[in-house]
2 protein chains.
Amino acid sequence: MLKLAILGFLRDFPLHGYDLKNRVAALAGHVRPIADGTLYPTIKKLEEAGCLTRRTAPGSVAAPRHMLEITQEGTDQLRRWLRNPEPGFITDDNKWYLVLAFLHHLENPREQAIVLARRREFLDQPTQLFYDEDGRPVPPDRLDSPFRKGLMQIHRSVGLNEIEWLERQMADLNRRAGYTAGTS
Amino acid sequence: MLKLAILGFLRDFPLHGYDLKNRVAALAGHVRPIADGTLYPTIKKLEEAGCLTRRTAPGSVAAPRHMLEITQEGTDQLRRWLRNPEPGFITDDNKWYLVLAFLHHLENPREQAIVLARRREFLDQPTQLFYDEDGRPVPPDRLDSPFRKGLMQIHRSVGLNEIEWLERQMADLNRRAGYTAGTS
DNA sequence: GTCTTTTACCTCGGTGTCGATATATCTTGT
DNA sequence: ACAAGATATATCGACACCGAGGTAAAAGAC
């Protein structure tokens, strides 16, 4: 999850750790701070895996920075993650938003459309959140708790909203993929 | 996170592990399966902490079950978590939905309203997801990636939707809290 | 009769993230 | 001169969760 975000941001332009931290915080979960104890070891691992290189530069304001740059290896890894996201990245909203934030790094519109289709497929299946004592599904209007009612209502409208957008986006991507195929 | 879900479900009625697993899976992240290796150790820990008791019962279909029942201690713990959720449970959508799913176990409408207010406060602050190379915020219409545009658009409409619901719900709760105060 | 599937429970090792803690640099206020 | 605060990087122990693996009991298929 963090690795995807780091490589995704570095693919745009080189950054140092502190900057990355703020950008990831703003994006992930929307403004959940990411701990130092998570970020720096993760950067180290990515460096050891050859996904990024670091270059010490004087700090613009304070202490010296390590400017991080993505490598070809790192770009390949990023694309692999985006091209074929693990199930959690499709079903977990926060993780899915991360995929969406970096999906433009996957240059082929056909591949992008496939990922969107997977999310669409997931959103399509009806969600049943609650069951009664005997395991029977409980429809929203039969729920005692107003909070559970609201939860299901919000969840539903959010899904419809995103499906609509996905639909438009996929149509657009497929059109562009068609042109590309026609001209090749 | 899992602990909250377990105690929350058990507060409704006693369940066995396997049943819990399916209910949590349906609710958390909407239908993300929860691993056995997570569930059973967590149950064990909750039992050791005195939050629940177990009672072996013959399985209705197959192997014998451990029926789990919440204790007073467990109920107290659940209420503490709900009354004062950690920051992540307010800002992380999946975790927040969990809080919402069990908020009815907090019996005081005033306390419920306080929790909703914290979420509202969080949603109220304008979210800036992306920044350019120099650290300047990038508005949606200046984004190159259609996916990032969509992300911001979806994010915004989802937020407005939920704020509207929160508003209605809080008004209702405060009205009820007022009645209670008046009759006491 | 045995074989597979479903129900049901459990352990162990590995990974990802957090929170506390530490250190160094530069700017600004006093 | 010195303290405070923002910038910047790093380590360590703890905890939650996962995935692979294993056990067992009953139902139904062949």
Side-chain angles (χ1 to χ4, degrees), chain A residues 1-7 14-25 27-29 32-49 51-52 54-68 81 86-89 91-92 94-95 98 134-135, chain B residues 1-7 14-25 27-29 31-49 51-52 54-68 81 85-89 91-92 94-95 98 134-135:
Chain A
M1 169 134 188
L2 218 204
K3 287 182 186 175
L4 175 68
I6 292 175
L7 292 184
L15 291 165
H16 53 99
Y18 193 78
D19 200 350
L20 255 176
K21 185 183 151 189
N22 294 325
R23 286 170 195 266
V24 174
L27 183 56
R32 117 156 64 105
I34 144 104
D36 285 0
T38 310
L39 180 64
Y40 291 106
T42 305
I43 289 174
K44 206 175 183 181
K45 265 180 217 160
L46 284 171
E47 191 189 13
E48 282 161 8
C51 289
L52 57 83
R54 78 173 76 196
R55 187 167 47 82
T56 302
S60 67
V61 221
R65 310 159 157 172
H66 296 330
M67 291 303 289
L68 307 172
W81 282 332
E86 282 168 33
F89 281 85
T91 61
D92 183 312
N94 289 333
K95 291 187 183 175
L98 261 191
D134 303 316
Chain B
M1 170 134 187
L2 219 202
K3 288 181 186 175
L4 175 68
I6 292 175
L7 291 185
L15 290 166
H16 53 98
Y18 193 79
D19 200 349
L20 256 177
K21 185 183 151 191
N22 293 324
R23 287 171 196 266
V24 174
L27 183 56
V31 197
R32 118 155 62 104
I34 143 104
D36 284 0
T38 309
L39 180 64
Y40 291 106
T42 305
I43 290 175
K44 207 175 181 179
K45 267 180 216 160
L46 285 171
E47 191 189 12
E48 281 161 8
C51 289
L52 57 83
R54 78 173 76 195
R55 187 166 48 80
T56 303
S60 68
V61 216
R65 308 158 159 173
H66 296 330
M67 291 303 289
L68 307 172
W81 281 332
E86 282 167 34
F89 281 85
T91 60
D92 182 312
N94 289 332
K95 290 186 183 176
L98 261 191
D134 303 316

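Protein chains get the first letters and strands the later ones, always in sequence-line order, with residue 1 at the start of each.
- In this structure, A/L46 atom CG and D/dA10 atom C1' are separated by 16 Å, rounded to whole Å.
- The phosphate of C/dT7 has neither OP1 nor OP2 within less than 4.0 Å of any side-chain N or O from B/H16.
- When the side-chain nitrogen and oxygen atoms of A/R65 are compared with OP1 and OP2 of C/dA24, none of them lie within a distance under 4.0 Å.
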Could you go through A/H66 and A/H16, starting from their C-alpha distance and side-chain angles, then the distance that decides it, and tell me whether this counts as side-chain contact (heavy atoms from CB on, under 4.5 Å)?
CA-CA 5 Å; A/H66 296 330; A/H16 53 99; 5.6 Å; no
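- Counting only distance, with no hydrogens or angles, the side chain of A/T38 and the backbone of A/I34 share no donor-acceptor pair below 3.5 Å.
- The CD atom of B/E47 sits 12 Å away from the P atom of C/dC9 (whole-angstrom rounding).
- Applying the side chain to side chain donor-acceptor pair (under 3.5 Å) test to A/K21 and every residue at least two apart in sequence or in another chain returns A/D36.
- Distance A/R55 CZ to D/dA8 P: 15 Å, rounded to the nearest Å.
- Regarding B/D19, its CG atom lies at a distance of 14 Å from the C1' atom of C/dC9, rounded to whole Å.
- Scanning all heavy atoms of the two residues, the minimum distance from A/P33 to A/A25 falls at CA-CB, 3.9 Å.
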Which pairs, protein N/O on one side and nucleotides 23-28 of chain D N/O on the other, fall under 3.5 Å?
none

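- Atom NZ in B/K21 sits about 10 Å away from atom P in C/dC9, given to the nearest Å.
- Residues meeting the salt bridge (Lys or Arg N to Asp or Glu O under 4.0 Å) test with A/R23, sequence neighbours left out: A/D19.
- Side-chain contact between A/L68 and A/L15 is absent, with no heavy-atom pair separated by less than 4.5 Å.
- Taking atom CD of B/E48 as the reference point, atom P of D/dC15 lies 13 Å away to the nearest angstrom.
- As rounded to whole Å, 11 Å separates atom C1' of D/dA6 from atom CG of A/N22.
- Judged as a salt bridge (Lys or Arg N to Asp or Glu O under 4.0 Å), and not counting sequence neighbours, the contacts of A/E47 are A/R54.
- Whole-Å rounding puts the A/I43 CD1 to D/dA8 P distance at 13 Å.
- Distance check, rounded to the nearest 0.5 Å: CD1 of A/I6 to CG of A/L39 gives 5.0 Å.
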Once base and sugar-phosphate atoms are separated, protein heavy atoms under 4.0 Å mark nucleotides 11-21 of chain C, 5' to 3', with B, S and - as BB---SSBB--
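- Considering every non-hydrogen atom in both B/T56 and B/P64, the closest pair reads CG2-CB, 4.4 Å.
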